[in-house]
Amino acid sequence: MNNTQALQYLLILTQTLALAGAHVKNLASHLAQAQSEGRDLTDDEVAQFKSAAEEARSNLLATLNSLDVESNTGPVS
Amino acid sequence: MRTSALATYQKYRDTATHLFMIRMARFLDWLESPWGASVTMGTSIAAVVLLAVLSSCQSLGVPTPTTFKGKVASAYTTAATLYDTTNTLAQAKVITANDARSVLAQIDAAKLAIDVASSTFAANPTQGQSKLDSVTLALSALQSYLTAVTQSNTQGKLK
């Protein structure tokens with residue numbers, strides 16, 4: 001692995017950590033807010049987390065489809 | 001023989017950014033040294049470990065969810081994190097597209113199970129909670145798998 005690859009690889013790992021951190025931070029924010037107000041999460045709040053998961057899934061599918069195009073295999077549905 | 005990055009960038013020594021460029025060049029050259037390689041490997045492994053740590057809310061000072069809805073939100077968050085992690089690892093070709101597809105299918109199954117646990121909880125809280133606990137375990141196993149695969153492939157790439 002040369003220095004450019006090493007830097008690229010570290011950048012990707014950093015991005016991964018940043019994305020994971022953003023999700024966890026969002027969860028922490030909602031949990032803390034609900035806790036401070038002495039209530040449970042609302043259905044709408046739970047739905048937001050589900051939407052975030054679905055958005056992340058769509059992004060992954062897009063990546064897999066682009067990788068399929070690169071390797072000339074069939075797309076993922 | 002390759003011209004070192006330091007030699008290439010030393011010509012910029014009279015520009016306003018010469019200090020930054022020379023420092024960056026020294027860093028790039030250092031990365032190719034045995035010390036740099038070992039530190040790079042250490043950093044990468046540390047990043048993988050951090051990835052695993054991120055899954056633990058307590059380690060980041062995140063309040064541990066105590067209610068069922070809080071746990072459901074936490075499970076969806078873990079699923080989102082896993083999708084994103086798989087995405088970046090696939091883009092970086094740290095894992096193969098086939099591995100990514102396999103992980104995708106398993107996260108999908110877990111996400112569906114979260115939905116089922118939520119529906120079940122309304123009619124039977126004990127059973128719903130039990131189902132959610134099972135999903136949480138499955139998601140943890142997936143995190144461990146991704147961490148192990150990443151660590152293994154990272155070491156392979158850095159050799």
Side-chain angles (χ1 to χ4, degrees), chain A residues 1-36 39-68 70-71 73 76, chain B residues 5 27-32 36-37 40-41 43-44 47-48 50-51 54-55 57 60-70 72-94 97 100-101 103-104 107-108 111 114-115 118 150 154 157-159:
Chain A
M1 175 176 275
N2 63 34
N3 52 23
T4 308
Q5 287 171 321
L7 283 174
Q8 283 174 341
Y9 188 69
L10 285 173
L11 182 65
I12 286 160
L13 284 172
T14 308
Q15 285 171 339
T16 307
L17 287 168
L19 279 170
H23 285 305
V24 175
K25 190 178 169 189
N26 187 34
L27 173 67
S29 165
H30 278 84
L31 286 176
Q33 175 82 17
Q35 213 168 53
S36 69
R39 62 170 176 84
D40 196 356
L41 291 180
T42 63
D43 287 341
D44 280 349
E45 282 175 315
V46 175
Q48 281 176 33
F49 289 104
K50 187 177 178 181
S51 295
E54 280 162 0
E55 190 183 333
R57 181 183 189 273
S58 298
N59 293 338
L60 173 56
L61 277 179
T63 296
L64 289 176
N65 284 336
S66 69
L67 290 175
D68 285 335
E70 280 176 24
S71 60
T73 59
V76 180
Chain B
F27 175 66
L28 291 172
D29 284 342
W30 172 78
L31 272 179
E32 283 193 343
T40 303
M41 182 187 293
T43 308
S44 300
V48 172
L50 272 174
L51 195 62
L54 271 176
S55 64
C57 290
L60 291 174
V62 178
T64 305
T66 51
T67 64
F68 183 77
K69 282 182 182 175
V72 168
S74 178
Y76 281 133
T77 299
T78 306
T81 303
L82 283 170
Y83 282 130
D84 282 338
T85 304
T86 308
N87 192 352
T88 46
L89 294 178
Q91 281 182 48
K93 297 187 173 28
V94 173
R101 269 188 210 93
V103 174
L104 167 71
I107 308 169
D108 282 350
K111 192 160 72 66
I114 299 169
D115 296 340
S118 296
T150 305
T154 303
K157 279 186 174 218
L158 287 165
K159 274 178 186 170

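Each chain gets a letter, A, B and so on, in the order its sequence line appears, and its residues count up from 1.
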Do you know the tightest heavy-atom contact between A:Ala34 and A:Leu41?
-> CB-CD2, 4.0 Å
Has the side chain of A:Ser29 got a donor or acceptor atom that lies under 3.5 Å from a matching backbone atom of A:Lys25?
-> no
Heavy-atom pairs under 4.5 Å with chain A are the metric here; pick the option from B:Thr86, B:Thr66, B:Val72, B:Leu82 that has the most.
-> B:Thr86
Checking A:Asp43 against chain B: side chain, backbone, both or neither under 4.5 Å from a heavy atom?
-> both
Answer key: most heavy-atom pairs under 4.5 Å with chain B among A:Gln48, A:Glu45, A:Lys50 is A:Lys50
If we ignore angles and hydrogens, is there a donor and acceptor under 3.5 Å between the side chains of A:Asn59 and A:Glu55?
-> no
Heavy-atom closest contact (A:Ala53 atom, B:Tyr76 atom, distance) = CB-O, 3.7 Å
